[in-house]
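Heads up, the thing below is written out as structure tokens.
Worth saying up front: this structure is predicted, and the values here are computed from it rather than measured. Here is the naming used below: chain letters follow the sequence lines, and residue numbers restart at 1 for every chain.
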There are 2 protein chains.
Amino acid sequence: MMKFEEKTIKRTEIFKGHIFDVVVDDVALPRGGEAKRELIFHKGAVCVLAVTPEDKLILVKQYRKAIEQTSYEIPAGKLEVGENADPKAAALRELEEETGYTAELELLYDFYTAIGFCNEKIKLYKATNLVKVENPRPMDEDETLELYQVSFDEAQDLVKSGDICDAKTLLALQYWALERQKR
Amino acid sequence: MMKFEEKTIKRTEIFKGHIFDVVVDDVALPRGGEAKRELIFHKGAVCVLAVTPEDKLILVKQYRKAIEQTSYEIPAGKLEVGENADPKAAALRELEEETGYTAELELLYDFYTAIGFCNEKIKLYKATNLVKVENPRPMDEDETLELYQVSFDEAQDLVKSGDICDAKTLLALQYWALERQKR
């Protein structure tokens with residue numbers, strides 16, 4: 001049996017933020033020797049594949065500072081402190097805040113976004129029975145969002161143009177494509 | 001026309017690493033007011049969906065310190081300095097180092113992994129005409145890898161068991177599923 005574990009010899013805390021923490025670990029390699037591991041710790045997030053009864057995908061356009069561009073993404077949000085116990089409630093909150101819809105949710109995937117250096121895990125839910133909420137919760141103060149509803153073909157065009165360019169939205173789109181092929 | 005851009009008022013450099021840099025930006029919000037953005041800058045990476053002529057997917061098992069677990073992933077690697085100009089060469093290098101194969105590569109997707117706070121972009125290639133290399137380049141010294149070749153159904157089982165749990169590998173698997181459905 002091959003040994004894989006990298007035991008932590010020393011951890012250096014670099015940054016404690018609101019979104020993530022950063023550490024550098026000195027680790028003992030399983031085959032001998034040592035290495036450094038730069039790591040990001042993140043509380044996790046949720047996102048929702050929401051297709052309306054009219055077969056339109058709900059997308060949110062927003063500015064992403066990390067890439068200095070806008071992008072079109074499925075509704076998503078970080079888990080707040082304490083929400084780990086009930087990520088579905090967090091997903092419903094994000095869906096309502098960002099789109100004004102509520103729904104029933106089913107977990108499709110639970111995946112690490114950048115497993116090489118970051119422990120952020122995103123839960124992707126599929127929404128069914130979408131219903132407009134009369135007085136939806138307001139969105140976060142520091143968010144500027146524009147809502148879109150696009151057809152399957154329009155979504156593919158947004159991929160080609162690079163406007164859809166993030167892993168969670170592509171995963172959701174491919175899931176939608178697989179479902180449509182099965183029909 | 002809605003305004004989206006968040007102009008940087010001040011940038012505070014937190015960390016300059018080998019894998020990523022960390023900054024905190026004070027930004028002017030498009031609707032007025034200010035906010036802080038915690039950001040990770042990463043040089044990008046490449047990964048390869050490699051299916052053998054026997055219809056087996058090549059996977060690499062390795063330890064991921066960020067999650068303190070092993071995972072099964074498609075072959076992948078970071079772009080080294082200067083490789084931005086030729087990411088396909090980087091993908092071929094990683095494929096050879098990690099699996100001993102070379103191939104022809106076609107770009108499938110180019111996606112941000114964690115667009116909310118990180119600019120890491122991964123290029124996902126599809127390998128065709130896989131050929132074993134006689135004297136493959138050795139793998140990186142600080143990597144411990146185990147190679148697997150799995151059928152489509154075995155790959156789905158690895159998803160269910162949580163052994164496949166990262167975005168790039170799930171995206172590759174979904175692409176493979178879509179291709180198989182089209183046959």
Side-chain angles (χ1 to χ4, degrees), chain A residues 2-6 14-15 17-20 22 24-25 27 29-31 33 35-42 45 61-67 70-71 73 76 78 109-120 122 141-142 144 146 162 165-168 170-171 174-175 177-178 181-182, chain B residues 2-6 14-15 17-20 22 24-25 27 29-31 33 35-42 45 61-67 70-71 73 76 78 109-120 122 141-142 144 146 162 165-168 170-171 174-175 177-178 181-182:
Chain A
M2 210 161 161
K3 271 194 196 164
F4 285 96
E5 195 188 347
E6 299 178 348
I14 304 289
F15 175 65
H18 293 280
I19 310 299
F20 54 76
V22 183
V24 177
D25 281 2
V27 302
L29 296 172
R31 296 187 295 170
K36 285 192 185 292
R37 298 291 180 234
E38 301 169 5
L39 305 172
I40 308 284
F41 296 133
H42 185 285
K61 179 182 174 182
Q62 64 193 302
Y63 191 76
R64 291 305 201 174
K65 187 65 185 170
I67 63 169
T70 55
S71 77
E73 301 169 35
K78 295 178 294 293
Y109 293 112
D110 192 8
F111 58 92
Y112 293 104
T113 51
I115 197 168
F117 59 93
C118 177
N119 75 343
E120 185 196 26
I122 298 190
E141 269 190 11
D142 68 346
T144 300
E146 211 165 52
C165 56
D166 78 305
K168 68 177 179 305
L170 288 171
L171 268 167
Q174 283 192 333
Y175 184 89
L178 282 164
Q181 279 192 8
K182 281 183 201 150
Chain B
M2 210 162 161
K3 271 194 198 165
F4 285 95
E5 194 187 348
E6 299 178 350
I14 304 288
F15 176 66
H18 293 281
I19 310 298
F20 55 76
V22 183
V24 176
D25 281 2
V27 302
L29 295 172
R31 296 186 295 170
K36 285 192 186 292
R37 299 290 180 233
E38 300 169 6
L39 306 172
I40 309 283
F41 296 133
H42 185 284
K61 179 181 175 184
Q62 65 194 302
Y63 191 76
R64 290 305 200 174
K65 187 66 185 168
I67 63 169
T70 54
S71 78
E73 301 168 34
K78 296 178 294 293
Y109 290 113
D110 192 8
F111 58 93
Y112 293 105
T113 52
I115 197 167
F117 59 92
C118 177
N119 75 343
E120 186 198 25
I122 298 190
E141 270 190 11
D142 68 346
T144 300
E146 210 165 52
C165 57
D166 78 305
K168 68 179 178 306
L170 288 171
L171 265 169
Q174 284 184 328
Y175 184 90
L178 281 165
Q181 280 192 10
K182 280 183 202 149

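- Both the backbone and the side chain of A/Y175 have a heavy atom closer than 4.5 Å to some heavy atom of chain B.
- In this structure, A/F117 has its ring center closer than 6.0 angstrom to the ring center of B/F20.
- When heavy atoms are compared at a cutoff of 4.5 Å, A/T70 approaches chain B solely by way of its side chain, counted from C-beta outward.
- Heavy-atom pairs under 4.5 Å with chain B peak, among A/A35, A/G116, A/A76, at A/G116.
- With hydrogens and angles disregarded, a donor-acceptor distance shorter than 3.5 Å links the side chain of A/E38 to the backbone of B/I19.
- The shortest distance between side-chain heavy atoms of B/Y63 and A/K3 does not fall below 4.5 Å.
- The two residues B/A66 and A/N119 have their closest heavy-atom pair at O-CB, 3.3 Å.
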Practice problem: Would you check, one step at a time, whether the test side-chain contact (heavy atoms from CB on, under 4.5 Å) holds for A/F111 with B/C165? | Solution: CA-CA 5 Å; A/F111 58 92; B/C165 57; 5.9 Å; no
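- Heavy-atom pairs under 4.5 Å with chain B peak, among A/I122, A/I14, A/D110, at A/I14.
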Quiz item: Can you list the steps and then say if A/I115 with B/S71 is a side-chain contact (heavy atoms from CB on, under 4.5 Å)?
Solution: CA-CA 9 Å; A/I115 197 168; B/S71 78; 3.5 Å; yes
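- The salt bridge (charged side-chain N to carboxylate O under 4.0 Å, His left out) test applied to B/E73 returns B/R64, B/K168, not counting sequence neighbours.
- Separating the CG atom in B/L170 from the OH atom in A/Y109 is a distance of 6.0 Å, to the nearest 0.5 Å.
- The environment of A/K78 atom NZ is sparse: at most 12 non-hydrogen atoms of other residues, nucleotides or ligands sit within 6.0 angstrom.
- Between the side chain of B/Q174 and the backbone N or O of A/L171 there is at least one donor-acceptor pair closer than 3.5 Å.
- Only the side chain of A/H42 comes within contact range of chain B, with at least one heavy atom under 4.5 Å from a heavy atom of that chain.
- The distance from the CZ atom of A/F15 to the CD1 atom of B/I40 is 8.0 Å, given to the nearest 0.5 Å.
- Once rounded to the nearest 0.5 Å, the distance linking OG1 of B/T144 with CG of A/L29 reads 6.5 Å.
- Applying the side chain to side chain donor-acceptor pair (under 3.5 Å) criterion to B/R37, with sequence neighbours excluded, gives A/D142, B/E6.
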